[in-house]
Each structure stands twice: as structure tokens, then as C-alpha cells.
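Just passing along the structure, written as C-alpha cells.
Only heavy atoms go into these numbers, but all of them, side chains included; no hydrogens, no water, no symmetry mates. Here is the naming used below: chain letters follow the sequence lines, and residue numbers restart at 1 for every chain.
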2 protein chains.
Amino acid sequence: MPNVRLSDVAKLAGVSPKTVSNVVHGYVHVRESTRTKVQNAIDELGYRPNMRGRNLATGRTRMIALAFPDLRIPYFAELAHVIAEEASARGYRLLLEESGSTIEVERAILSAEEAGIVDGVLFQPSYLTSTEIAQHRRDVPVVLLGESIAPLSVDHVRIDNIAAAAQVVGHLAASGRRRIAFLCAEVPAPSETSKQRLIGYQQGLEACGLPVDPSLVVTGSVADADAACASLAAALDAGMAPDAVLCRDDLAALGALRALSERGLRVPADVAITGWDDITLASSMHPSLTSVRADGAQLARRALDLLLERIDGYDGLGRHEIVGHSLVVRESAPAAPAG
Amino acid sequence: MPNVRLSDVAKLAGVSPKTVSNVVHGYVHVRESTRTKVQNAIDELGYRPNMRGRNLATGRTRMIALAFPDLRIPYFAELAHVIAEEASARGYRLLLEESGSTIEVERAILSAEEAGIVDGVLFQPSYLTSTEIAQHRRDVPVVLLGESIAPLSVDHVRIDNIAAAAQVVGHLAASGRRRIAFLCAEVPAPSETSKQRLIGYQQGLEACGLPVDPSLVVTGSVADADAACASLAAALDAGMAPDAVLCRDDLAALGALRALSERGLRVPADVAITGWDDITLASSMHPSLTSVRADGAQLARRALDLLLERIDGYDGLGRHEIVGHSLVVRESAPAAPAG
DNA sequence: CTGAAAGCGCTTACAG
DNA sequence: CTGAAAGCGCTTACAG
């Protein structure tokens with residue numbers, strides 16, 4: 001049986017395609033008897049609208065792409081979930097694009113060979129510079145996510161990393177910690193994300209009257225927990241003796257936990273640790289992880305707000321928005337001074 | 001500047017739309033001088049093919065949907081990654097559909113109101129019965145993933161859960177464990193996944209000559225690590241004293257780890273634990289987790305093979321395939337008897 | 001190797 | 001409240 005088209009329904013119901021379209025879209029100004037007639041024809045034929053035709057006629061697909069480094073990183077998977085949920089509430093579906101954190105793929109994302117697949121893209125770059133982003137083809141609306149520097153012309157939603165990092169240091173200092181390490185700054189140069197968190201780290205130390213000791217900044221790869229573990233292990237074995245470690249993300253904190261316990265250091269008794277992102281795992285670990293949590297729902301809401309405005313034709317300057325965050329205090333760095 | 005269409009290119013190059021289409025698709029039988037002429041026009045106008053037109057004309061979108069419970073569950077995020085990679089290698093993009101493990105959404109996935117969004121769907125149901133799946137609209141090809149029972153008419157790719165569970169028991173028994181618990185069977189009825197792993201668990205015990213003790217089967221929710229932790233904690237507090245715990249998935253193992261260490265039980269010295277899925281986290285935990293690993297690349301490859309064959313018109317009986325798995329041995333349940 | 005023409009299945013001003 | 005007609009931007013037999 002060939003696919004049923006709108007015109008088949010129209011023929012059977014004895015009306016024009018336009019009227020069927022009106023019924024399908026729930027248009028109110030349709031005579032009740034007409035609506036029933038059409039609906040019966042739809043049911044009888046088992047008609048379902050074909051989106052390919054709709055997409056071509058409307059010039060829209062009601063799909064947006066979410067482009068970020070890697071779905072296997074829990075933060076991004078959880079981000080995708082909350083954005084998918086919000087998008088779905090607005091009648092949009094999500095297409096995933098993993099960049100693998102390679103600049104080539106990031107470029108490809110912004111200058112797609114093909115047009116018309118999605119109505120807009122939410123993009124969290126790792127390497128693309130502000131300049132390059134500013135020069136991308138403007139025919140598909142883009143909203144940037146994350147810590148990279150955004151050009152003035154492009155919308156951007158993020159949390160205040162500097163304030164959050166300072167807040168973490170404040171929390172650790174308030175609980176009696178004095179030698180707070182940072183894990184870790186990428187070599188040869190820290191990522192934009194690490195840079196901002198380092199600035200906040202330093203601001204926090206200064207605000208608390210603690211010395212800023214470069215030897216407490218661990219350098220190394222942040223690729224995964226194992227890399228962070230190795231970096232911290234090397235620093236500890238070289239004599240670094242922190243009483244707290246501010247980790248740049250939860251995976252690094254997981255690695256830190258292992259490096260510390262392998263050396264007989266108890267968390268939080270000997271060393272407190274904090275993570276960042278508050279992935280689901282953070283609350284299930286043992287000890288559970290104190291972590292910085294972005295307001296994911298707000299992030300998703302604002303990002304989609306901005307993107308849909310662009311899709312609807314807004315073409316002004318980039319809006320740069322900051323959404324809320326909080327420090328979720330758990331066992332790994334409790335509020336009270338640890339014994 | 002309005003969007004450039006294929007016909008604009010044709011006009012500028014002084015050829016027909018057909019010839020431009022040939023060049024765009026790299027069709028070989030195009031005279032070199034014609035190709036150059038067309039390519040120049042494409043470059044000059046900045047033409048990019050519009051997929052909405054293409055999709056309507058071809059009746060394809062080169063997108064497939066991946067439908068499963070929840071992106072926040074690491075196993076599914078990692079599955080999505082490997083499938084996206086394999087799909088991309090074949091020129092397909094991935095659309096995500098989270099069912100939230102609700103039967104209503106699962107139904108909606110199989111009987112989409114709209115047609116023509118994707119060319120096929122890879123679907124891992126939680127609740128839909130074989131009967132219901134068999135009755136779904138056949139206009140979009142479907143391949144099932146996971147442990148649910150598949151109807152004869154539908155393709156299905158999975159690993160051999162029974163054999164894998166028996167293998168885990170064998171491994172634990174070989175390392176000297178005698179009281180091997182199972183964490184956990186859902187109440188009031190275990191999921192199909194748990195059922196199969198329980199069968200393998202029992203087979204493994206019998207094969208090793210160990211008694212099958214129902215009191216070692218912990219019941220409870222498997223929603224997340226915390227639920228598993230609570231279930232095991234309750235069982236331990238009620239007097240259960242296992243020397244190993246076979247966890248139905250890695251998150252349950254994470255919960256088990258906490259329940260055990262909160263009670264002063266060391267892993268693996270006092271109690272060995274094994275997980276299932278071998279999510280990235282498994283190797284970073286402390287202790288690292290012995291876990292069952294499905295051959296994800298093979299799974300993705302076969303699932304896509306079957307789906308693309310359906311998309312290409314294959315309409316025969318369902319193929320039910322089993323892909324490989326392995327037991328990745330790590331610290332939580334090492335091979336040698338633990339002291 | 002290339003062209004003219006029809007068609008994919010919708011939507012949307014424009015009329016009435 | 002409803003219809004006739006054109007158009008969205010491609011592809012694809014069919015000719016030549």
C-alpha cells in the first residue's frame with residue numbers, strides 16, 4: 001500500500017488540500033461538519049503528515065543541533081538531556097553533533113556543507129576562537145554555550161566561572177583549609193575554562209587572605225579521571241601537601257580521590273576535594289562530592305529562548321547571558337571543619 | 001541576500017539543473033570542462049545544497065533515531081556515542097529520543113504521528129511487549145536493541161546475558177568466592193534484563209557446584225546507585241553476608257561499593273563486586289570495577305547493518321543477532337583469591 | 001555526456 | 001469558512 005498523501009484525504013473527504021491542512025493543524029475556523037468529514041477520511045486512510053513535504057514548504061525542520069565535544073563525558077550527556085527536554089517542550093527535536101574536541105570538526109559544524117537540516121544550533125566549542133566564530137556563515141542561527149570567549153555578534157549563555165571558583169575557595173577556607181590546590185591546568189596552555197576557574201581560584205584565595213602559591217597549581221591533562229589522578233599523584237609524590245583540592249571538574253575529582261586514597265590520605269579528614277558540574281555520579285560516589293552545579297534548567301531555557309528568537313528573525317547584537325549556579329556541599333568537602 | 005538555489009547555479013553556469021546535480025554528487029560521467037564551469041558557479045554564488053529539497057525528492061533524510069530510556073544513564077550515553085560514530089561513517093546522522101522508560105513514550109516512538117523524519121529507528125524498549133512491538137506501523141524500519149523479547153518479525157541485536165552472567169559467577173567462584181549475591185531484582189517483577197542475568201547467575205552457581213540461595217538475591221529498585229546502595233544496605237543489615245556481589249549494572253555496583261564500605265567491609269578483600277556495562281567510570285573508580293563489557297563497536301555495526309538493509313528494502317523475517325562480550329577484570333574482583 | 005519536464009508532499013497568499 | 005494554483009528546492013526517469 002502506497003503512502004497516503006494529504007491530497008488523498010482531500011479527495012476522499014471531498015474538500016481541498018487547504019482544508020485538510022487546516023484540520024491537521026487544528027486551525028479553529030473550520031466548520032464542525034467539515035472537520036468531522038476530514039477527520040474521518042484521515043482515520044480511514046491512516047493518513048500521517050509527511051514531514052519532508054512540510055519541511056520544504058515551510059522552510060523549517062523544527063530540529064536544532066546540539067554540538068559539543070563528546071557524549072561520553074557525563075556533563076555533556078546530562079546537558080543534552082536537559083536541553084532535549086526543554087526543546088521537546090517547544091516542539092523541537094535534538095540532533096547530536098560530537099566535535100571530538102577537534103578544531104576541524106568544530107569548523108565543519110559552523111560551516112556545514114549542507115543547509116536546511118536544522119533550524120539552529122547550540123554550540124559549545126573547545127578550540128574555535130572568537131574571531132573564527134564571528135566569521136561563520138550567518139544563515140543558520142547559533143547560540144554559544146560554555147566558557148569560550150564569544151564574539152559580540154553571537155549569543156552566549158554560561159555561568160560565572162570566576163565567581164563560582166572564588167566561592168569554592170571561600171567554602172574551603174571557611175571550613176579551615178589553608179593549602180588549597182588546583183587540579184589541574186592543561187599544558188602547555190590552560191583551556192579557557194581552566195583559565196577562568198584559575199582566576200576565580202586566585203581571587204578566592206586573595207579574598208580569604210590566603211597566600212597564592214603557584215606550586216599548588218597542578219598541571220596536566222584533563223582528558224579523563226585517570227589523567228587527573230596521575231597528575232595529582234605526581235605532584236603529591238613530589239612533595240605537594242595540600243589540605244584541599246579544587247578540581248576543575250567532577251571527573252578530575254574522581255581521579256583525585258583515587259590518588260589521595262592510594263597514598264593513605266583520607267577525604268575529607270586529611271584533604272577536602274571539590275568537583276565541578278555536579279554530574280549524577282557526584283552524589284553517588286563515596287565520599288559524595290561537593291561540586292559546583294550550573295542551573296541546567298535555566299541554562300537550557302535561556303539558550304533555547306535566544307536561539308528561537310534568532311530563528312524567528314531577530315538579527316541584533318549578541319546577547320551574553322549568565323545563568324545561576326550553586327555549590328552543592330556534600331561529604332568530600334563539608335561545611336564544618338573536618339576532624 | 002536570498003538563498004542560492006541549484007537552479008541559480010545552473011543559470012550562471014549555462015547548464016541544466018540535472019548537470020549541476022551531477023556535479024554536486026560527484027557523478028563521474030561529467031565532462032571536465034563542464035564540471036569546472038559548474039564548480040566555478042557554485043563557488044561564486046556560495047551555493048550549498050538544501051537538504052529539505054533533497055529529502056523530499058529522494059524520500060530519505062539520512063537520519064536515524066536512537067530511542068532509549070535516558071541519556072543521563074552512562075551506558076546509554078556511551079551507546080549513543082558509538083552508534084553516532086558508526087552512523088556518521090555511513091553518512092547518517094542521529095536523532096535522540098528519550099523514552100524516560102515510560103510505556104506511553106515507547107508507544108509514541110513506534111507509532112509516530114508524523115512520517116518522514118527519519119529513515120529508520122534503533123530502539124531499546126524497557127516495557128513494550130513483544131506483541132505490541134510486532135504490531136507497530138511498518139512504514140519505518142526498526143531494529144531492537146537490548147534484552148527485551150523481540151517479535152519474530154523484527155530485527156534484534158543483543159549480547160548473551162545468560163552466558164555473561166554465568167561467566168561472572170564462574171570468575172568469582174574461581175577466585176574463591178562462595179556466597180555470591182545478586183544485586184538486584186526489581187520488585188514486584190524483575191525486568192527482562194534482570195531476569196536473564198538471574199538465569200545466568202543461577203546457571204553459573206550450578207555449574208560451579210555452589211548452592212542457589214534465594215536469600216542472596218537482593219530485591220529493590222535499580223533506578224540509580226543510591227537505590228541499589230539502599231537495597232544492599234538493608235540486606236546486609238538484615239544479616240546477609242556475601243563474599244561477592246554480582247551487580248546488574250555498574251551504577252548498582254557503585255551503590256554496592258558505598259553500602260559495603262559504610263559497613264567496614266573492604267572491596268575486594270572481604271567482598272568482591274562486579275558491575276555490568278563497563279562504563280567509562282568503571283575503570284576510574286577506586287577500586288576499579290570488574291565489569292561485563294558488550295562489544296559496542298560490533299553492536300553498533302550490526303545494528304546499523306540490519307537497519308540499513310531494512311531501509312534498502314529488505315522485508316524478510318527478523319534477524320536476531322548476538323554480539324560479543326567480555327569480562328573486564330579489575331580491582332573490585334580480581335582473578336587471584338583475595339587475601 | 002546533457003537537457004526538459006514532471007514530481008516528491010506539503011503550505012500559503014490570494015480570492016471568493 | 002473554503003478552493004485553485006503556485007511554489008518550496010531538489011531528483012529522476014526519459015530522451016537524445
Quiz: residues 92-102 of chain A side-chain donor-acceptor pairs under 3.5 angstrom, not counting sequence neighbours:
{"residue": "A/Glu98", "atom": "OE1", "partner": "B/His81", "partner atom": "ND1", "Å": "3.2"}
{"residue": "A/Glu98", "atom": "OE2", "partner": "A/Leu71", "partner atom": "N", "Å": "2.8"}
{"residue": "A/Glu98", "atom": "OE2", "partner": "B/His81", "partner atom": "ND1", "Å": "2.6"}
{"residue": "A/Ser99", "atom": "OG", "partner": "A/Ser101", "partner atom": "N", "Å": "2.9"}
{"residue": "A/Ser101", "atom": "OG", "partner": "A/Ser126", "partner atom": "OG", "Å": "3.3"}
{"residue": "A/Thr102", "atom": "OG1", "partner": "A/Ser99", "partner atom": "O", "Å": "3.0"}
{"residue": "A/Thr102", "atom": "OG1", "partner": "A/Val105", "partner atom": "N", "Å": "3.4"}

Next on the checklist: Under the rule for side chain to side chain donor-acceptor pair (under 3.5 Å), what residues qualify as partners of B/Asn161, not counting sequence neighbours?
Outcome noted: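 Partners of B/Asn161 by the side chain to side chain donor-acceptor pair (under 3.5 Å) criterion, ordered by chain and then number, come out as B/Glu147, B/Arg197.
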
Checklist entry - Between B/Glu321 (side chain) and B/Arg302 (backbone), is there a donor-acceptor pair under 3.5 Å? => result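 Not at all, since once roles are kept as given, no pair shorter than 3.5 Å links the two residues.
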
Checklist outcome for this item: Separation of C/dC1 atom P from B/Tyr27 atom OH, nearest Å, is 8 Å

Checklist entry - Please give, in whole Å, the distance from D/dG7 C1' to A/Asn55 CG? => result 16 Å

Checklist entry - Does any pair with a residue in residues 68-79 of chain A pass salt bridge (charged side-chain N to carboxylate O under 4.0 Å, His left out), and if so which ones, sequence neighbours excluded? => result A/Asp70-A/Arg72

Item to check | Under the 3.5 Å Watson-Crick or G-U criterion, the dot-bracket string of DNA chain D, with | for inter-strand pairs | outcome: |||.||||||||.|||

Next on the checklist: Quick check on D/dG3: is either OP1 or OP2 less than 4.0 Å from any side-chain nitrogen or oxygen of A/Thr19?
Outcome noted: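 Answer yes for this pair, as a side-chain N or O of A/Thr19 is under 4.0 Å from OP1 or OP2.
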
Checklist outcome for this item: With sequence neighbours left out, the residues meeting salt bridge (Lys or Arg N to Asp or Glu O under 4.0 Å) with B/Arg48 are A/Asp139

Item to check | Non-neighbouring partners of B/Asp119 that pass salt bridge (Lys or Arg N to Asp or Glu O under 4.0 Å), sequence neighbours left out | outcome: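 Partners of B/Asp119 by the salt bridge (Lys or Arg N to Asp or Glu O under 4.0 Å) criterion come out as none, since no residue qualifies.
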
Next on the checklist: Just to verify, what does A/Gln135 make a side chain to side chain donor-acceptor pair (under 3.5 Å) with, not counting sequence neighbours?
Outcome noted: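 For A/Gln135 there are no side chain to side chain donor-acceptor pair (under 3.5 Å) partners, ignoring immediate neighbours.
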
Next on the checklist: Generate the contact string for nucleotides 9-16 of chain D. Rules: B means base contact, S means sugar-phosphate contact only, - means no protein heavy atom under 4.0 Å.
Outcome noted: BBSBB---

Checklist outcome for this item: Sorted by chain and number, sequence neighbours left out, salt bridge (Lys or Arg N to Asp or Glu O under 4.0 Å) with A/Arg319 holds for A/Asp155, A/Glu309

